[in-house]
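Remarks on the structure that follows.
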Amino acid sequence: MRLDRFLSNLPRFSRKDVRFALVAKRIKVDGQTVSDPLHEVREFTRVECDDDVLQAGKPARYFMLHKPPGCVSATLDPQHPTVLDLLDEPDKEDLHIAGRLDFNTTGLMLITNDGVWSRRLTQPQTKLAKIYYVETEQAITDDYVQKFAEGFYFAFEDLTTQPAELTVLGPHCARLSIVEGRYHQVKRMFGHFNNKVLRLHRERMGPLQLDADLAPGQYRALSTEEILAV
Ligand code: URA
């Protein structure tokens, strides 16, 4: 929300008061004096007027989790354990998942309370690469590479998938880089060849790589550099 709108929503300020307070440099945002009425205020932003705290600002939280198989990428599920059950953190209801994985898919899962950040990671327009290791039932032949690069028509969404990069690692395994996250996307891509995906593991999302020493079910907070890299 714009700073002027945030201030004028408070009972203590009229629109005129807001203009005066900004011009008189009485408003501080995250510790810095701000007079621009268009300055962005989020739930994480601290806003002060003189020495009064108008909004304390919630801490923004970001975690990397190694999703094990057999758990649901959802915040609540009546039957199965969810990835949020694996987190020993307060206020879990504020957290959400940036880019879901299927029940038996393993690997990198990012969890945050910052919706702007998670949208940047997952929106197809951002074109951030998501890297998967894949094992399949049938052999992966060389003609797959060209088809993944050309894209697959998904009738349900009426779209053709963005070019994807497939690197064949062995007769039944490959590494795949995709920039979208359509429903069951990887399984549907291999499904085009009637080839069932037996193992799917997400190794990376954009600049964020799953730690090699993070065991399935474990998680850690992201560093400031990792948060800012997205
Ligand atoms: N594509 C899939 O088919 N499943 C996943 O879990 C992730 C990507």
Side-chain angles (χ1 to χ4, degrees), residues 63-77 79-87 95-112 117-141 144-145 147-170 172-211 214-219 230:
F63 303 101
M64 157 188 300
L65 170 98
H66 187 162
K67 180 189 175 297
C71 85
V72 186
S73 288
T75 44
L76 276 178
D77 189 272
Q79 281 179 328
H80 300 287
T82 73
V83 286
L84 282 194
D85 293 335
L86 298 166
L87 263 61
L95 298 172
H96 64 269
I97 295 155
R100 289 164 185 262
L101 292 175
D102 294 339
F103 188 63
N104 278 324
T105 302
T106 58
L108 176 63
M109 178 129 268
L110 296 167
I111 299 170
T112 181
W117 186 84
S118 61
R119 265 193 297 285
R120 259 205 310 279
L121 259 172
T122 53
Q123 266 176 351
Q125 299 89 296
T126 327
K127 293 202 192 288
L128 273 188
K130 287 95 187 161
I131 314 283
Y132 291 87
Y133 170 79
V134 192
E135 286 178 8
T136 58
E137 194 168 67
Q138 313 298 326
I140 303 169
T141 49
Y144 279 44
V145 175
K147 183 65 195 153
F148 274 79
E150 281 168 12
F152 297 84
Y153 178 66
F154 282 2
F156 182 74
E157 296 93 335
D158 188 24
L159 58 81
T160 299
T161 56
Q162 302 263 339
E165 198 181 319
L166 185 76
T167 309
V168 182
L169 303 173
H172 292 261
C173 58
R175 183 159 284 117
L176 175 65
S177 172
I178 57 175
V179 295
E180 303 143 291
R182 307 276 169 208
Y183 181 66
H184 292 326
Q185 177 156 348
V186 177
K187 290 175 185 160
R188 288 160 80 194
M189 289 167 132
F190 281 92
H192 171 87
F193 299 96
N194 288 322
N195 197 350
K196 188 169 173 193
V197 171
L198 300 181
R199 177 154 185 247
L200 187 56
H201 177 81
R202 185 159 63 198
E203 300 176 331
R204 173 183 275 275
M205 290 178 83
L208 303 177
Q209 169 110 30
L210 181 66
D211 291 354
L214 206 58
Q218 287 187 337
Y219 74 98
V230 172

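A quick note: this is a predicted structure, and the numbers were derived from the prediction, not measured. Just so you know, these numbers use all the heavy atoms, side chains as well, and skip hydrogens, waters and symmetry mates. All ligand and atom numbering here is 1-based and tracks the order in the structure.
To the nearest 0.5 Å, atoms CE (Met189) and CG (Leu176) are separated by 6.0 Å.
Other residues, nucleotides and ligands contribute more than 12 heavy atoms inside 6.0 Å of the NZ atom of Lys147.
Ligand 1 is surrounded by Leu101, Asp102, Thr105, Tyr132, His184, Gln185, Val186, Lys187, Leu200, each with at least one heavy atom closer than 4.0 Å.
Inspection of the Tyr133 and Arg175 side chains reveals no N or O donor paired with an N or O acceptor under 3.5 Å.
Below 30°, between 30° and 60°, or above 60°: for Phe193 and Phe148 the angle between ring planes is below 30°, a parallel geometry.
Judged by the 6.0 Å distance and 45° axis criteria, Arg188 is positioned over the aromatic ring of Phe154.
Partner of Lys187 under the side-chain hydrogen bond (donor to acceptor under 3.5 Å, both in side chains) criterion, out of Asn195, Thr136, Asp102: Asp102 alone.
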